[in-house]
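This report refers to the structure that appears directly beneath it.
Note that this is a predicted model, so its numbers are computed, not measured.
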Amino acid sequence: MSNFEEPFRLRKRFRHEEEREFVRQQQSWHKNILDLEYGTYLGRTPKRWLYLLLFYVVFYCGLAILSALCYVAFRLTLPHHRPKWSMQQPGFSFEPQINSEMNIFYNPQNEDEVAVFVEHIEKSLRKYGDIPENYFGNCTSGEEYGYAQARPCVFLKINRIIGFQCETIEKPEELPQEAPPDLYRFLQEMSEEERHGRIWVSCQSNPPLLLVYLPQRFYNASIVNISRMVEHKFSSGPVDYSKQNYGRFYNSTDFQRIIAVQISNVISNVKYSILCSLWAKNIEHEIHVKQSGHGRISFNLRLNEG
C-alpha cells in the first residue's frame, strides 16, 4: 500500500498539554541565560568565563607588545634628519590646480569664476610667509593675478628634496636638443657668472602665447639643494593661520622656489596647451597620464567668452 493509501491518524491535543509544553520552553530559555541548577551564565560557569577573559587579556597584551616592538624597530632604522627613501629629483607643480584635469577654463567677465582662481592662489601662497610686495610683478592679489584682465598668472613651484644636488647647466651648448630655442638665446645673452647655479625654466604653448616669467625664469639651485631636514620658525611679525601651521617646514626664503608666469595675447574660446619644463643635467623629463611628471607639467587654458 502506498503512502497515499495509508489511513490518516488524528491525535487530539488537549489544552493542558499545550500549556505544559509552553512552560517547558520558557524554562529552557531562562536556563540558557542563567541556570542555577548547573551554575552557568550564558552557557558557561564563572570559572570558564574567567579562563576566556584571561585568554583575551593575554592575547591583546601580546598583540600590543608585538606592535610596540615593530614600531620601535622601525624607528631605530630611520635616519633623524632625512627620509629613508627619497625621490630621485625634485617635484614640479603649478597653481592654480583646481581639478585633476589641470584645466584653467573660465570667463574673465564672470566675477565668481575669477574669484575661485584668485582664492585658490592666495591659499597656496599664504603658507610661504611674507612674500615681498611686487615680487611677482603684476601677478598680485590686488590685480587679481591677472584673471579679470584676461592675462592670467600661473605659479610654478619646485620642491626641495633632501640629498639632491642639482647639476646645473652653465653654458648654452650644454642644453639638450629638445630645449626650446628661446631658452638657448636667453642663456647666450647672460654672462658666465649669471648662468652659474641656475635651474632653468621654459614654457611652450600651442598655439603660441606671450609668456613673461616673474621675477626671472630660473631657480637658484642653492634654494633647492638640501642635505638634511631643518625646522624653521618665523621669528618676527604677527602669527597668522598660515605661519602657525606651516612655519615648521617653510622658512622666510622659500617663496624663491616659486616663479610666476603671466600669460598674454590670449584669444577667447581658443584652447591652449602649455608645457613647462625644468632644465638641469640630472633632471629627467617624463609626462605621466595625468599630465604631470618628472621635470615637466602640462595644463590647458581657455577663456570662455561670448
Return the [atom1] to [atom2] distance between [X] and [Y], rounded to the nearest 0.5 Å.
X	Y	atom1	atom2	result
Ile98	Glu119	CD1	CD	9.5 Å
Arg257	Ile223	CZ	CD1	8.5 Å
Arg217	Cys203	CZ	SG	8.0 Å
Ser273	Leu209	OG	CG	10.0 Å
Ile258	Ile131	CD1	CD1	5.5 Å
Gln89	Ile199	CD	CD1	10.5 Å

Polar side-chain atom of [X] near backbone of [Y] as donor-acceptor pair, under 3.5 Å:
X	Y	result
Glu144	Gly146	no
Ser124	His120	no
Asn282	Gln165	yes
Tyr147	Pro108	no
Glu194	Met190	no
Gln262	Arg151	yes
His285	Leu278	yes
Glu113	Asn110	no
Ser205	Pro207	yes

Take Arg302 and Asn269, measure what side chain to side chain donor-acceptor pair (under 3.5 Å) needs, and give me the verdict at the end. CA-CA 6 Å; Arg302 185 177 65 217; Asn269 303 314; 6.0 Å; no
Between [X] and [Y], is any pair of side-chain heavy atoms under 4.5 Å apart?
X	Y	answer
Pro181	Arg185	yes
Leu210	Ile263	no
Ile104	Tyr272	no
Ile274	Cys276	yes
Arg198	Trp279	no
Glu192	Glu170	no
Pro132	Asp130	no
Met102	Asn300	no

May I have the step-by-step check of side-chain contact (heavy atoms from CB on, under 4.5 Å) for Gln97 and Phe299, ending in yes or no? CA-CA 9 Å; Gln97 186 174 332; Phe299 60 93; over 6 Å; no
Heavy-atom pair of closest approach, residues [X] and [Y]:
X	Y	result
Cys153	Pro96	O-CD, 4.1 Å
Ile169	Pro176	CD1-CD, 4.4 Å
Tyr219	Leu156	OH-O, 2.8 Å
Leu303	Ala150	CD1-CB, 3.7 Å
Gln204	Pro180	NE2-CB, 3.7 Å
Ser202	Leu183	CB-CD2, 4.4 Å

Pick out which of Phe218, Tyr184, Tyr213 makes a ring pair (Phe, Tyr, Trp, His ring centres under 6.0 Å) with Trp200.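 So the option named by the test is Phe218.
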Just wondering, more than 12 heavy atoms not from [X] lying within 6.0 Å of its [atom1]?
X	atom1	answer
Tyr51	OH	no
Glu111	CD	no
Glu133	CD	no
Glu173	CD	yes

Look at the side-chain heavy atoms of Ile, Leu, Val, Met, Phe, Trp and Tyr, link any pair under 4.5 Å apart, and say whether [X] and [Y] land in one connected group.
X	Y	value
Phe94	Tyr135	yes
Leu52	Tyr60	yes
Ile65	Phe59	no
Leu301	Val270	yes
Val114	Val266	yes

Stepwise side-chain contact (heavy atoms from CB on, under 4.5 Å) check, Lys171 with Leu187: CA-CA 7 Å; Lys171 302 176 182 179; Leu187 265 66; over 6 Å; no
Check the pair Phe155 / Cys139 against side-chain contact (heavy atoms from CB on, under 4.5 Å), numbers first and verdict last. CA-CA 9 Å; Phe155 293 82; Cys139 294; 4.0 Å; yes
What do the steps show when you test Phe164 against Ile283 for side-chain contact (heavy atoms from CB on, under 4.5 Å), and what is the final call? CA-CA 10 Å; Phe164 178 82; Ile283 291 183; 4.2 Å; yes
Within the 6.0 Å centroid threshold, strictly below: Phe136 and Tyr145: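 No, too far apart.
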Test log, rule side chain to side chain donor-acceptor pair (under 3.5 Å), inputs Asn107 and Asn304: CA-CA 5 Å; Asn107 185 345; Asn304 300 321; over 6 Å; no
Partner of Asp254 under salt bridge (charged side-chain N to carboxylate O under 4.0 Å, His left out), chosen from Lys127, Arg160, Lys157: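 So the option named by the test is Arg160.
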Going by the angle between their ring planes, with limits at 30° and 60°, are Tyr106 and Phe117 parallel, tilted or perpendicular?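 Rings of Tyr106 and Phe117: tilted, 30 to 60°.
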